[in-house]
Undergrad: 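Submitted below is the structure of interest, expressed as structure tokens.
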Amino acid sequence: MKLRTQISILLIVFAVLLSGIVFAGFQLNKESVIDRQLDETTQHSERIAAGLDTRLEGLKRTVRLQATNPAIAAHGTPQQHYALKTMVNETMFNGVSVIHRNGTMTGIAAGLDPETRSELIGSDFSDRHYFQRARNGETYISAPVVADSGNYIVTISTPIYRDGAVVGTLNAALHLQDSSIFRMASKTANRDSSVFIRTQSGNQIYNRSAHLSSDPVTANATVNETGWIVQVQTSRNVLAGDLRTVTIYQLGGIGLVLALISGFGSILYTQILRYHRQLVRGFEALQRQEYGQQLAEEATGDWGQIFTAFNELSQTLAEYEEERAKHRNELQQERDRFRRLFQSIPEPAVVVEYTGNKTLIHNVNEAFEETFGYEASNAVGGDINDFIVPDGSLEEAESIDQLSSSGKQVTHEVRREAADGKRDFLLRSTPAVDGEDEVYFGVYIDITDRKQQKRELSKTNSVLSSVLENMPVGILIEDADRTITTANKKLLDILDVSLPPSELIGCEYAEIAATLKTQFADPDQFNERVNEIHSTRDAVFDEELLMADGRILARSYVSYSLPDGTGNIWLYQDITKNRQRERKLRETLEKTQELIQAESIDEAATIAVEIANQTLSFPLSSVHLERKGGELEPAAITDAFEEGVGDTPAYHRTADKSSIDKLVWDVYASGETRVLTGAEIPETISGMPSSGGIIQPMTNHGVLVTLGDSPNRFDEFDQYLVELLGAILATTLDRINQKQQIESQRDNLDLLNQIVRHDIRNDLQILLGRLDLLAERANDAQSEHVNAALRCAENAVELTQSARELSEVLLQNGTDSKPISINRVVRQQIEEIRSANTDAEITINGSIPDVMIRANEMFDSVIRNLLKNAIQHNDKQDPEITISAIDQKEYVQLRIADNGPGVREAQKESIFGKGEKELESSGTGIGLYLVSTLIESYGGDVWVEDNNPRGAVFVIELVKDS
């Protein structure tokens with residue numbers, strides 16, 4: 001940048017800086033004036049908010065005090081109504097009410113007309129938020145609600161206590177626009193200020209506006225009791241005079257600063273810039289390599305010495321340039337020879353310079369470009385470590401660079417980022433002389449494939465070695481000459497051979513076999529089998545061997561081909577414990593079949609104790625069930641357990657912490673299995689020969705206690721079997737209890753069916769007969785009442801018939817289905833319904849197929865209930881019912897359509913539930929539930945659709961008899 005430009009910029013910056021300082025000083029003065037007004041406005045808003053808090057708290061105290069009046073809690077009494085009216089007259093509340101703790105309003109005083117008050121008394125207000133908060137023990141101020149008049153109303157609710165319990169809530173309503181609390185609170189603000197109060201949702205509930213400027217000072221405060229926002233606004237016009245005075249001083253100060261800097265710049269330009277331009281033109285000529293240029297203008301002082309030095313420098317450069325041109329040609333010839341040799345190297349090669357913190361590339365050959373994917377034009381001049389050194393290897397690369405730049409020859413294996421991914425190289429570097437720079441020459445020999453093969457071989461050997469030593473089976477490998485090449489320690493442990501594996505290597509398997517045969521139950525058979533196996537080629541087999549000490553070994557054999565014959569792999573595994581577990585599990589499952597079939601609780605408990613004792617080998621076992629609160633009584637116990645404890649134990653909830661009672665009860669209460677060691681056996685049974693056991697909870701029934709009689713005799717598998725036995729016993733007890741409950745329910749339902757079938761129905765028939773006689777003698781005024789009673793009695797008879805049919809369905813153990821003619825049943829029910837409902841028009845569209853369906857005798861009830869439903873729920877004077885049928889391959893579909901009001905979409909799926917009916921229906925809904933229950937028992941389906949143009953279509957789909 002030119003000096004003239006620099007000086008100009010410096011003057012401009014200096015002017016701006018001084019002007020800014022002056023401006024900032026006066027601006028701070030302006031802001032302090034504004035801040036004072038903002039502080040005053042904030043104080044006003046906070047005082048208003050505090051005043052509202054005080055008034056609202058006073059209102060809450062008033063409501064709480066009124067709630068202590070005994071008359072307030074006298075729900076629905078005149079004393080309560082008088083107390084509520086007195087509270088409205090003596091307080092600023094516009095209305096008060098009392099809501100019972102169940103959500104029903106029992107009293108209200110709010111200047112309402114008697115009809116409106118009567119409608120509210122007895123209404124359900126349990127969904128009101130203010131009621132729910134007060135019922136939970138809180139005195140609560142609700143959020144403002146807009147009334148029909150546009151007025152905002154808040155409700156203050158408090159609980160009404162009697163004898164320490166909440167018996168209801170007292171709710172006081174306050175019309176905010178009619179209240180003086182806002183006007184009294186806002187008096188603390190100046191009259192020339194605007195005051196606004198808004199709810200948390202943003203609704204404005206108070207407004208006192210003043211004529212303010214377009215940009216007033218605003219401050220907000222929060223009312224703690226309700227969260228309302230109080231906003232106070234003050235006009236900025238009161239500050240206008242002070243601000244104008246500050247602004248005039250501000251502009252004057254800035255103008256004076258600019259005038260002073262302009263005069264100083266003019267003097268500086270005249271004295272300095274002329275000599276500077278001459279010197280710059282001279283250096284520009286040297287930069288263009290126009291050496292020998294001279295500055296002829298006369299100058300004095302420091303500028304004269306500068307001009308003389310420049311002229312001498314210009315002449316020296318001219319002489320040096322002439323000498324340098326001669327050596328340039330000689331050096332270029334040497335570089336051309338090196339470049340040809342460098343490019344001919346088949347491996348990636350590079351010439352680099354180490355600068356102390358970077359390794360800069362001077363040159364690369366074509367092999368480098370191809371291997372690493374960087375063209376010479378892009379690589380030269382860059383740091384080689386940035387191009388080819390992967391993440392995590394930078395420190396190693398810099399160490400090699402330092403060593404190479406010290407003048408030593410270096411050979412080192414490195415990993416570098418090639419064009420096709422990370423590869424391994426052997427780096428060979430040697431110093432190269434290039435002037436005074438620390439330059440060295442490096443060649444990268446790719447050794448990736450060789451290292452990968454070496455790593456894979458090492459990894460394979462390591463994996464095989466680890467597998468051999470950690471396999472849970474014994475492994476022995478032979479070569480084609482039957483010589484052992486591999487054996488692991490597990491093999492020697494299983495075969496009980498006291499030799500290290502290394503001493504087996506090189507031996508023949510026959511030598512080991514001769515030593516091992518004495519350990520087997522049949523030594524001769526073992527030898528014969530080994531010889532037989534060795535004579536087999538390319539074989540694979542598995543077998544089990546019985547040892548002399550009773551152990552069972554699993555042996556596997558695999559032969560595989562080698563260039564000079566067949567090698568063999570022998571695998572040995574001790575499976576004695578597995579076989580024992582299989583036997584115990586099999587016996588346990590066989591025994592539990594008897595447990596599952598148990599008919600009584602005592603029988604089930606006895607079988608479970610026998611399984612624990614005889615099959616699971618827990619001689620100290622018992623089953624305890626909770627038959628009385630806080631006590632587990634024994635349902636079954638082994639003789640050994642009873643002899644060890646003494647009296648038959650019953651475990652208690654409140655037993656001493658150190659006793660077996662407390663231990664067993666804690667397991668039952670927590671529902672978690674407890675495994676006991678010898679040290680955990682309580683003193684009450686310490687005399688028994690037990691060193692540990694398992695206590696298994698059985699849901700809400702009781703516990704299964706199993707204790708052993710020898711140290712360390714059970715493991716996780718034994719615990720699993722005990723837990724399995726406890727789960728099966730708990731399930732069996734659930735089944736027995738459920739069966740007993742079902743039998744009791746069936747007895748009760750059968751009794752109800754008898755009552756409906758005989759007593760109630762007989763009385764209704766007598767009632768109908770008496771009503772018929774009364775109808776014949778009644779006059780016109782009495783006939784209406786008699787006919788209504790007849791209709792109710794007939795509906796009751798119909799209800800008892802549906803209830804009787806439903807109870808018969810529920811009492812069935814299963815559906816005794818048989819072939820039923822759908823045509824016969826439909827036509828028979830149509831005739832019966834027509835005779836009883838002469839106003840109804842019932843038609844068959846097409847024909848009813850003469851096919852047999854799988855149902856029972858109660859199929860008549862299905863058709864009868866659907867036809868009656870279509871008539872009873874019809875709002876037409878002459879109901880119209882159309883019946884049609886569709887004969888499908890495996891099903892027959894019957895459709896009963898009516899011209900009634902139809903079924904709402906929301907009820908189409910629930911209409912077949914117990915007691916479901918339309919709002920205008922006079923029925924009970926049992927009929928459709930009976931239809932659904934019977935159709936499902938037949939394996940069919942039933943649903944409802946819309947009729948066109950009006951009404952409903954009930955569709956039943958039934959399985960045809962094959």
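On a predicted model such as this, the values are computed, not experimentally measured, just so you know.
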Undergrad: Who are the side-chain contact (heavy atoms from CB on, under 4.5 Å) partners of Q580, not counting sequence neighbours?
TA: T576
Undergrad: Is there a donor-acceptor pair closer than 3.5 Å between any side-chain N or O of T615 and the backbone N or O of A612?
TA: no
Undergrad: Inspect the contact between E543 and R555 and indicate whether a charged nitrogen and a carboxylate oxygen are less than 4.0 angstrom apart.
TA: yes
Undergrad: Residues two or more places apart in sequence or in another chain: which of them pass salt bridge (charged side-chain N to carboxylate O under 4.0 Å, His left out) with R854?
TA: D961
Undergrad: Near Q738 CD, under 6.0 Å, is it more than 12 heavy atoms from other residues, nucleotides or ligands?
TA: no
Undergrad: Could you work out, with side-chain contact (heavy atoms from CB on, under 4.5 Å) as the rule, every residue matching I607, not counting sequence neighbours?
TA: E594, L595, A598, E603, I611
Undergrad: Atom OH of residue position Y720 - does it have more than 12 heavy atoms of other residues, nucleotides or ligands inside 6.0 Å?
TA: no
Undergrad: Tell me every residue that passes salt bridge (charged side-chain N to carboxylate O under 4.0 Å, His left out) with E532, counting only those two or more places apart in sequence or in another chain.
TA: R529
Undergrad: Could you check whether the rings of W665 and Y668 sit parallel, tilted or perpendicular, using 30° and 60° as the cut-offs?
TA: perpendicular
Undergrad: Between I494 and L553, which heavy-atom pair has the shortest distance, and what is it?
TA: CG2-CD2, 3.6 Å
Undergrad: With respect to L676, which candidate in V705, V667, I694, I695 satisfies the side chain to side chain contact (heavy atoms under 4.5 Å, CB included) definition?
TA: I695
Undergrad: So for atom OH, which belongs to Y891, do other residues, nucleotides or ligands contribute more than 12 heavy atoms lying within a distance under 6.0 Å?
TA: no
Undergrad: Residues in salt bridge (charged side-chain N to carboxylate O under 4.0 Å, His left out) with E544, at least two apart?
TA: R579
Undergrad: For the side chain of R735 and the backbone of I596, is there at least one donor-acceptor N/O pair under 3.5 Å apart?
TA: yes
Undergrad: Can a side-chain donor-acceptor contact be found between Q696 and T673 if the only test is distance below 3.5 angstrom?
TA: yes
Undergrad: Going by an N to O cut-off under 4.0 Å, is there a salt bridge joining K739 and E599?
TA: yes
Undergrad: Keeping T638 on the side-chain end and P619 on the backbone end, is there a donor-acceptor pair under 3.5 Å?
TA: yes
Undergrad: Any donor-acceptor pair under 3.5 Å linking the side-chain atoms of N856 with those of Y938?
TA: yes
Undergrad: Scan side-chain atoms only and decide if Q593 and Q597 contain a donor-acceptor pair under the 3.5 Å cut-off.
TA: no
Undergrad: Can you see whether D479 engages T485 through a side-chain donor-acceptor pair at a distance of less than 3.5 angstrom?
TA: no
Undergrad: So, Q132 side chain and S126 main chain: donor-acceptor pair closer than 3.5 Å or not?
TA: yes
Undergrad: Looking only at atom types and distance, does a side-chain atom of S932 sit under 3.5 Å from a main-chain N or O of L928, one as donor and one as acceptor?
TA: no
Undergrad: Using the salt bridge (charged side-chain N to carboxylate O under 4.0 Å, His left out) criterion, which residues pair with K489? Sequence neighbours excluded.
TA: D493
Undergrad: If the threshold is 4.0 Å, N to carboxylate O, is there a salt bridge linking D574 and R551?
TA: yes
Undergrad: Between N865 (side chain only) and S861 (backbone N and O only), is there a donor and an acceptor less than 3.5 Å apart?
TA: yes
Undergrad: Taking the side chain as every heavy atom from C-beta outward, state whether L585 and L721 have any pair of such atoms under 4.5 Å apart.
TA: yes
